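Owing to the predicted nature of the structure, the values given are computational and were not obtained by experimental measurement. The first residue in the sequence is number 1, and the count goes up from there.
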Amino acid sequence: MTVTETPPASRVFSYAAGIALVVGAVSFFAGLATSPPQAADDKAAYLQSLAADPFQTQLSALLLHYGNLLMGAGLLALPFLVRGRKGFALTAVGALLGALTLLEMSGALLSDWFHMEIGRNLPADQAVALSDKVLAHPAQQLAFSPGPLVSLALLLTFAGLARAGVLGWWTVPAIVAGYAGLLLLPYDTPILPAVGTIPMLAVLVTAGLRTFARARLRPVVAIA
């Protein structure tokens, strides 16, 4: 029996995925924290908030875009942390669904530029009507509005990793708490929903760090 080094390509992929998860989580937090404050929950107030400060709107949208994009890409590496069959199916299905839905969310951030401009250039009632008309198309919703599928995907992924013994079961309630913070905390003070997501983002950062550790320690065993 001989022990050889992990192939360089595998190490590079693991490190890249770990970096994507960590940087993506940090970028997502920063994007939420810099979101333009919204005075009310209706569409008119949302459009007004985006139109009020174009620089802040674009900064927040850019950070959220890359946060979703990087986290989605990083999730694809998580099934490779599982050794054996236990928990693998859950992790694989969740990671694939999570990658798809987070990449859809990253594309949906283009609408922030659209909403910013119609908020700046149209009367409020016309801007709201145009936004509602665009977002009502079923194909648009299918392509860019995964909704609760994101949270379901993350729950499946980390339930699978917990079942496989890669990460603890604490990750599952942490995702629930973080997603609830994202949805329920008020956006008139954007730092509140940003802080509310910390439990969920901490899970993704932990998964990224575990990916780093596996890249350093994983040997390839060959039997002569």
Looking only at non-hydrogen atoms, find the nearest pair between Leu156 and Val93 and report the distance. CD1-CG1, 4.4 Å
Cluster check Val176, Leu152: I/L/V/M/F/W/Y, side chain < 4.5 angstrom: no
Passing candidate, side-chain contact (heavy atoms from CB on, under 4.5 Å) with Thr57, options Arg120, Glu117, Met116: Met116
I'd like to know if the side chain of Ser106 reaches the main chain of Leu103, judged simply by a donor and an acceptor atom lying under 3.5 Å from each other, with no hydrogens or angles considered. yes
From Asp125 atom CG to Leu130 atom CG, the distance as rounded to the nearest 0.5 Å: 11.5 Å
d(Trp169 CH2, Arg163 CZ) to nearest 0.5 Å is 7.0 Å
Just how far is it from atom OH of Tyr187 to atom CG of Leu192, taken to the nearest 0.5 Å? 10.5 Å
What's the shortest heavy-atom distance between Gly160 and Leu90, and which atoms? CA-CB, 3.6 Å
Kindly say whether Leu182 contributes a backbone atom to a donor-acceptor pair with the side chain of Thr197 at under 3.5 angstrom? no
Just so I know, are the side chains of Val195 and Leu185 near enough to count as touching, which here means a heavy-atom distance under 4.5 Å? no
Leu154 side chain reached by Met71 side chain, heavy atoms, under 4.5 Å: no
If I take atom CG from residue Leu32 and atom CD1 from residue Ile191, how far apart are they, to the nearest 0.5 angstrom? 9.0 Å
Locate the shortest heavy-atom distance separating Phe158 from Ala207; write the atom from each residue and the value. CE2-CB, 3.8 Å
Do Arg210 and Leu21 have side chains that approach each other closer than 4.5 Å (heavy atoms only, starting at C-beta)? no
Would you call the rings of Phe80 and Phe13 parallel, tilted or perpendicular, where under 30° means parallel and over 60° means perpendicular? perpendicular
Heavy-atom pair with the smallest gap, counting every atom of Gln141 and Ala136: NE2-O, 3.3 Å
Side-chain donor/acceptor of Thr91 to backbone N/O of Leu161, under 3.5 Å: yes
Over all atoms of both residues, closest heavy-atom pair of Pro193 and Thr189: CD-O, 3.3 Å
By the definition side-chain contact (heavy atoms from CB on, under 4.5 Å), identify the one residue from Leu69, Val150, Leu97 that meets it with Leu102. Val150
Checking Thr206 side chain against Ala202 main chain: does a donor-acceptor pair fall under 3.5 Å? yes
Nearest-0.5 Å distance, OG of residue Ser60 to CG of residue Leu109: 7.5 Å
Give a yes or no answer on whether the side chain of Gln56 reaches the backbone of Thr34 with a donor-acceptor pair at less than 3.5 Å. yes
Nearest heavy-atom approach of Gly178 to Pro199 is N-CB, 4.2 Å
Atom CG of Asn121 and atom CD of Gln126: how far apart are they, to the nearest 0.5 Å? 11.5 Å
Run through Val22, Leu75, Leu70, Thr171 and flag the one making a side-chain contact (heavy atoms from CB on, under 4.5 Å) with Leu204. Leu75
